[in-house]
Participant: 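Below you'll find the structure I mean.
Worth knowing before you read on, the calculation uses all heavy atoms, side chains too, and leaves out hydrogens, waters and symmetry mates.
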Amino acid sequence: MSTAPGRVTDTRASPRQRWGRRGALALLAALGPGLIAANAGNDAGGIATYASAGSQFGYRTLFVMVLVTVALVVVQEMSARLGAYTGEGLVSLFREHFPLRAGAFAVFMLLVANVGLVVSEFAGIGAAFELLHVNRYVSVPIAAAIIWAVVVFGSYRYAERVFLVLTLAFLAYPLAMFLGHPNWGAAGLNLVVPHLLGSKAFLFLAVALIGTTITPYMQLYQAAAVADRGIGPEDYPAERADTIFGSIFCNLISITIIVATAAAIGGTGPLDSAAQAAQALRPVAGSAATQLFAVGLLGASALAAAVVPLSTAYAVAEAVGVERSVSRSFREAPLFLGLFTSLVAVGATIALAPGNLISLLINTQVLNGLITPIILTFILLLANRRSVLGDAANGTRLKVLATTCVIAVAVLAAIVLVQTVLNWFGVG
């Protein structure tokens with residue numbers, strides 16, 4: 001394979017800058033960007049959405065997860081290939097290879113999607129603390145201030161390690177699945193045979209599953225991490241295997257969450273609280289299930305609440321070519337630090353809105369699901385172009401598969417969008 005013209009590896013970034021750009025789960029970088037990027041999707045919004053799928057529809061969404069897994073593998077592989085063969089992140093590629101308005105639109109969609117993610121992470125923090133009997137109106141502002149101060153003034157690496165340790169609580173889900181004695185026959189049948197529903201609620205949740213599994217942030221991270229680590233065409237076969245393995249592994253964990261929740265509280269309807277989601281862990285933790293879930297939810301939420309706005313600020317600053325480093329002052333990097341601060345403030349403020357925090361988590365994943373087809377279209381167009389990837393551009397069969405995945409996601413998102421608009425006007 002030949003490399004695309006113009007591959008340039010940036011060797012000027014300081015270690016601290018490279019750390020910031022890698023962002024989520026950089027502590028586990030030795031495992032590879034593919035595994036890291038895919039598993040970053042199992043955050044607060046992901047846990048809530050998978051648990052709600054099991055609670056509301058039992059095993060019926062498992063076939064949807066199989067299809068989403070295929071799409072995730074395709075999308076993450078294209079993102080990794082773009083990073084390896086161009087040496088650039090997606091934001092830079094959008095800017096360079098699309099007209100100014102189209103590139104700006106793609107960056108704007110990424111920004112909107114990531115704002116939704118930040119909201120969901122602070123909602124997750126609020127839900128976690130409420131399980132520990134701390135009011136969200138107290139916990140969320142304090143958490144936002146601490147996260148902002150840690151990134152801007154403190155030791156971000158130390159905080160990230162702490163958050164990562166807390167998220168290990170969610171490894172209890174695979175064990176809970178087995179100990180919960182699910183109906184293995186029904187679960188297996190729903191994995192391989194569609195048992196879909198045409199109801200608005202099912203379609204809404206299906207889009208939420210897409211939004212939380214194929215998150216634009218994951219593609220942004222995948223390409224940037226591959227490029228930033230200097231993974232080139234000669235190293236790509238190993239990175240491709242890492243990407244495929246990571247995508248499948250993270251969705252196996254997601255499937256265990258659905259199965260465990262279906263076995264514990266399946267058929268009870270939509271989740272009304274984080275405490276209900278915690279019930280799936282009862283076979284493992286007994287009466288401490290709520291506390292175990294709260295610890296895991298807090299760790300996942302706090303980590304992403306720091307990483308997503310930070311990575312977004314890096315991406316936007318990179319797109320416009322201005323200073324970007326957590327080691328700089330506000331005077332030296334006003335856009336970078338200003339955007340990070342704004343994202344944290346907006347995310348925390350919206351998460352304080354009255355209402356069901358679990359519902360808020362799922363609704364933000366639906367927002368991501370509506371935006372995802374737009375971002376995937378830009379990625380597909382880039383991966384199809386020989387002017388970008390040379391001989392590594394998508395072949396005919398991969399073009400067909402990738403286009404089918406993007407169209408399927410777009411159609412499902414469009415159906416939900418139309419239903420939502422009709423509901424606004426009291427139709428249907």
Participant: Find the distance between CG (L337) and CG (L310) and round it off to the nearest 0.5 Å.
Facilitator: 9.0 Å
Participant: Taking side-chain contact (heavy atoms from CB on, under 4.5 Å) as the criterion, tell me which of V73, V70, T243 meets it with I248.
Facilitator: V73
Participant: Check residues 278-297 and write down every donor-acceptor pair under 3.5 Å in which the side-chain atom is one partner and the other belongs to a residue at least two apart or another chain.
Facilitator:
unit_1, atom_1, unit_2, atom_2, d
Q279, OE1, R282, NE, 2.9
Q279, OE1, R282, NH2, 3.1
Q279, NE2, A275, O, 3.2
R282, NH1, G286, O, 3.4

Participant: Is a donor from one side chain sitting under 3.5 angstrom from an acceptor on the other, for T261 and S55?
Facilitator: no
Participant: Nearest 0.5 angstrom please: F378 CZ to I374 CD1, how far?
Facilitator: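 One finds 8.0 Å between CZ of F378 and CD1 of I374.
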Participant: What's the separation between atom CG in L90 and atom CG in L110, rounded to the nearest 0.5 Å?
Facilitator: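 Atom-to-atom, L90:CG and L110:CG are 7.5 Å apart.
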Participant: If you take all heavy atoms of A348 and F122, which pair is closest and at what distance?
Facilitator: N-CD1, 3.6 Å
Participant: Find the distance between CG (L220) and OG1 (T312) and round it off to the nearest 0.5 Å.
Facilitator: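 So the CG of L220 and the OG1 of T312 are separated by 7.0 Å.
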Participant: Any donor-acceptor pair under 3.5 Å linking the side chain of T256 with the backbone of I253?
Facilitator: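 Side chain of T256 to backbone of I253, a donor-acceptor pair under 3.5 Å: yes, one is there.
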Participant: Please round to the nearest 0.5 Å and tell me the distance separating atom CD1 of I214 and atom CG of L209.
Facilitator: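 Reported value, rounded in 0.5 Å steps: 10.5 Å.
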Participant: May I have the step-by-step check of side chain to side chain contact (heavy atoms under 4.5 Å, CB included) for L203 and K200, ending in yes or no?
Facilitator: CA-CA 5 Å; L203 291 174; K200 294 179 181 178; 5.9 Å; no
Participant: Checking side chain to side chain contact (heavy atoms under 4.5 Å, CB included) for the pair I258/Y50: CA distance, chi angles, key distance, verdict?
Facilitator: CA-CA 5 Å; I258 294 175; Y50 301 133; 3.9 Å; yes
Participant: Only pairs at least two apart or in different chains count here, so list each ring pair (Phe, Tyr, Trp, His ring centres under 6.0 Å) that has a residue in residues 346-376.
Facilitator: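 The answer is none; no pair qualifies.
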Participant: CD of Q219 to CG of L376: how many Å apart, nearest 0.5 Å?
Facilitator: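 CG of L376 is found 5.5 Å from CD of Q219.
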Participant: Evaluate the side chain to side chain contact (heavy atoms under 4.5 Å, CB included) criterion for residues E96 and T86: first the C-alpha distance (whole Å), next the side-chain angles of each, then the deciding distance (0.1 Å), finally the verdict.
Facilitator: CA-CA 12 Å; E96 294 174 8; T86 67; over 6 Å; no
Participant: Check the pair F129 / I125 against side chain to side chain contact (heavy atoms under 4.5 Å, CB included), numbers first and verdict last.
Facilitator: CA-CA 6 Å; F129 272 109; I125 289 173; 3.8 Å; yes
Participant: Measure across A123 and L360 and return the closest heavy-atom pair with its distance rounded to 0.1 Å.
Facilitator: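 That closest heavy-atom pairing would be CB-CD2, 3.8 Å.
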Participant: Give the minimum heavy-atom separation between A113 and N368, together with the two atoms involved.
Facilitator: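 Of all heavy-atom pairs spanning A113 and N368, the closest is O-OD1, 3.1 Å.
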Participant: If you compare all heavy atoms of A413 against all heavy atoms of G369, which two are closest, and at what distance to 0.1 Å?
Facilitator: CB-O, 3.7 Å
Participant: Against M78, only a single residue in N394, L389, N384 fulfils side-chain contact (heavy atoms from CB on, under 4.5 Å); can you say which?
Facilitator: N394
